[in-house]
*Asks:* 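One structure, pasted below without further comment.
Atoms within each ligand, like the ligands themselves, are counted from 1 in listed order.
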Amino acid sequence: MEKQQHDTILVLDFGAQYSQLIARRIREQQVYSQIVPYTISAEEVAKIAPKGLVFSGGPASVRKEGSPRPDASLFELGIPILGICYGLQVLSVMNGGTVERPKQKEYGFAHLGINKKESVLLKDLSPNSQVWMSHGDSVHTLPAHFECTGSTENCTYAVVEYPDKQWYGVQFHPEVVHSVEGGRLLANFVVDICKAVPDWSMGSFVETQVAEIRRIVGDKQVLCGLSGGVDSSVAAALIHKAIGDQLVCVFVNNGLLRKGEADLVLSVFRDNFNIRLQYADARQQFLTALKGVTEPEQKRKIIGKVFIDVFEQEARAAGEIDFLAQGTLYPDVIESISPSGGPSVTIKSHHNVGGLPEDLRFTLLEPLRELFKDEVRLLGKELGLPDEVVFRHPFPGPGLGVRCIGEVTEQRLDTLRDVDAIFIEEIRNAGLYGDIWQALACLLPVKSVGVQGDERTYEEVCSLRAVTSEDAMTADWFRFPPEVLQRASARICNEVPGVNRVLYDITSKPPGTIEWE
Ligand code: XMP
């Protein structure tokens with residue numbers, strides 16, 4: 001990692017579920033922040049020359065042997081440090097304090113009493129500010145020179161500091177939204193204590209990434225699978241800005257796309273951005289492979305396999321390629337602390353074009369690895385992508401293949417595409433698209449009796465689903481105003497031949513998943 005042009009705060013990751021949020025909250029203060037494994041050496045840190053270090057929380061207990069410890073030489077660098085939760089405990093024990101496990105773990109809201117008005121870290125925080133606690137251990141005795149500047153009812157050492165060294169620690173989590181003034185506290189640390197200049201923006205991210213991509217890629221060629229989704233679209237636009245025609249995009253039409261999707265991708269990327277785009281119309285190949293298949297996992301496997309076959313062919317046609325670009329985001333990178341003590345990184349398999357043959361194993365280029373979805377959207381806007389691409393709902397790789405329940409045929413796909421298009425259009429017309437995480441329609445493998453005009457019908461049934469969610473791990477069904485569902489249902493039955501019944505799915509996740517298959 002190179003020294004950044006902008007002031008940087010490094011977040012040392014001790015494996016907490018919230019550690020990625022810390023970096024993101026700091027970026028919200030217009031200061032660049034990046035996560036690094038807690039094992040980073042002091043020399044490496046000195047090379048990067050950050051303005052400050054944050055030690056994140058983590059699931060381990062400092063009282064246990066072998067629990068993660070940062071390089072002790074970090075304390076010699078003269079760089080301000082903020083320890084959060086486990087990070088505070090590490091900071092304490094490595095400097096002579098002790099940590100114990102009180103009888104009760106503390107989890108949930110607390111109110112922070114400020115013991116010292118002059119504390120720079122707590123500047124402008126309200127008395128009794130609400131904070132969020134989640135810990136088993138807490139500091140029992142403070143190291144020499146440290147003072148306690150904030151406490152809650154159950155935690156004496158909720159805020160501790162050693163201002164001469166610029167070392168600070170908080171037991172609560174300022175990065176989560178439940179800590180109402182957590183952003184203020186982080187800003188105090190980053191701007192007032194670390195003296196980082198808040199001049200970073202998505203525009204600066206583009207600048208540094210463009211330079212970095214040029215440096216990594218040199219005069220080599222990059223291949224990028226474009227799905228039309230936000231992540232791959234933003235990755236392609238960013239890489240294209242950096243290296244222009246050294247980027248080749250491959251767009252596979254698997255026939256399982258939404259109505260108008262292929263045209264949109266072609267017009268945005270080929271016509272507007274002028275990106276070298278190989279369009280593979282593989283609709284027939286997918287349909288043939290899916291013929292007669294109804295079992296969901298088998299469908300997914302077949303779709304994945306045909307995708308690899310088509311992608312491989314396109315990759316070979318693209319000529320001499322060294323890098324494969326992917327729109328992997330931070331939440332896709334599951335960071336965990338391996339038993340050996342070093343952090344390991346695994347990438348969710350469906351985000352990876354895994355399964356490519358040996359001679360087509362490229363070096364991965366993942367310029368969005370540090371970002372969250374909403375940051376990627378900001379970046380997409382910065383790069384000039386249309387809102388229709390930047391703000392679209394997630395769409396699964398196997399597409400309508402897993403929404404066409406039962407056999408996938410061309411006719412059923414066309415029916416589903418029409419149903420889906422009406423549903424999405426009605427959501428947009430009602431101004432609700434942005435309030436919904438994801439909306440989808442499924443075609444069910446059942447028929448039902450109806451009456452249309454004077455005639456008895458016996459036709460297909462579709463279900464509509466719309467959910468709210470933060471991260472797709474859990475989801476709740478969206479409460480539509482009834483007239484929106486009524487309009488969608490009426491239009492679907494009137495306008496889509498072969499469908500005479502519409503259901504709305506009111507299952508949350510869990511127990512349901514977002515997709516039906
Ligand atoms: P589930 O159905 O598991 O979905 O609740 C969670 C989120 O993941 C999306 N999804 C996929 N995305 N390839 C993808 O790229 C897939 O195979 C896949 N399966 C599910 C789903 O749409 C939802 O946003």
*Asks:* If you measure from atom 19 (N) of ligand 1 to every heavy atom of Lys509, Glu515, Met473, Arg300, which option wins on shortest distance?
*Replies:* Arg300
*Asks:* Is the shortest N/O to N/O distance between Ile514 and ligand 1 below 3.5 Å?
*Replies:* yes
*Asks:* Before giving the answer on side-chain hydrogen bond (donor to acceptor under 3.5 Å, both in side chains), spell out for Asp435 and Thr468 the whole-Å C-alpha distance, their side-chain angles and the decisive distance to 0.1 Å.
*Replies:* CA-CA 7 Å; Asp435 298 342; Thr468 52; over 6 Å; no
*Asks:* Quick check: closest heavy atoms across Phe362 and Ala315, and the distance to 0.1 Å?
*Replies:* CZ-CB, 4.2 Å
*Asks:* Minimum heavy-atom separation for Arg258 and Asp420, please, with both atom names.
*Replies:* NE-OD2, 2.8 Å
*Asks:* Checking side-chain hydrogen bond (donor to acceptor under 3.5 Å, both in side chains) for the pair Asn500/Thr457: CA distance, chi angles, key distance, verdict?
*Replies:* CA-CA 7 Å; Asn500 69 355; Thr457 58; 2.9 Å; yes
*Asks:* Taking 4.0 angstrom as the limit and counting only heavy atoms of Pro398, give me the atoms of ligand 1 inside it, by number and element.
*Replies:* 13 (N), 16 (C), 17 (O)
*Asks:* Under a 3.5 Å distance rule, please check whether Ser227 uses its side chain to pair with a backbone N or O of Gly229 as donor and acceptor.
*Replies:* yes
*Asks:* Report yes if some N/O of Gly397 lies less than 3.5 Å from some N/O of ligand 1; otherwise report no.
*Replies:* yes
*Asks:* Just to be sure I'm reading this right: ignoring hydrogens, which of His393, Arg403, Gln438 gets closest to atom 24 (O) of ligand 1? Compare them by their nearest heavy atoms.
*Replies:* Gln438
*Asks:* Under 4.0 Å from any heavy atom of Thr513, which atoms of ligand 1 are there?
*Replies:* 1 (P), 2 (O), 5 (O)
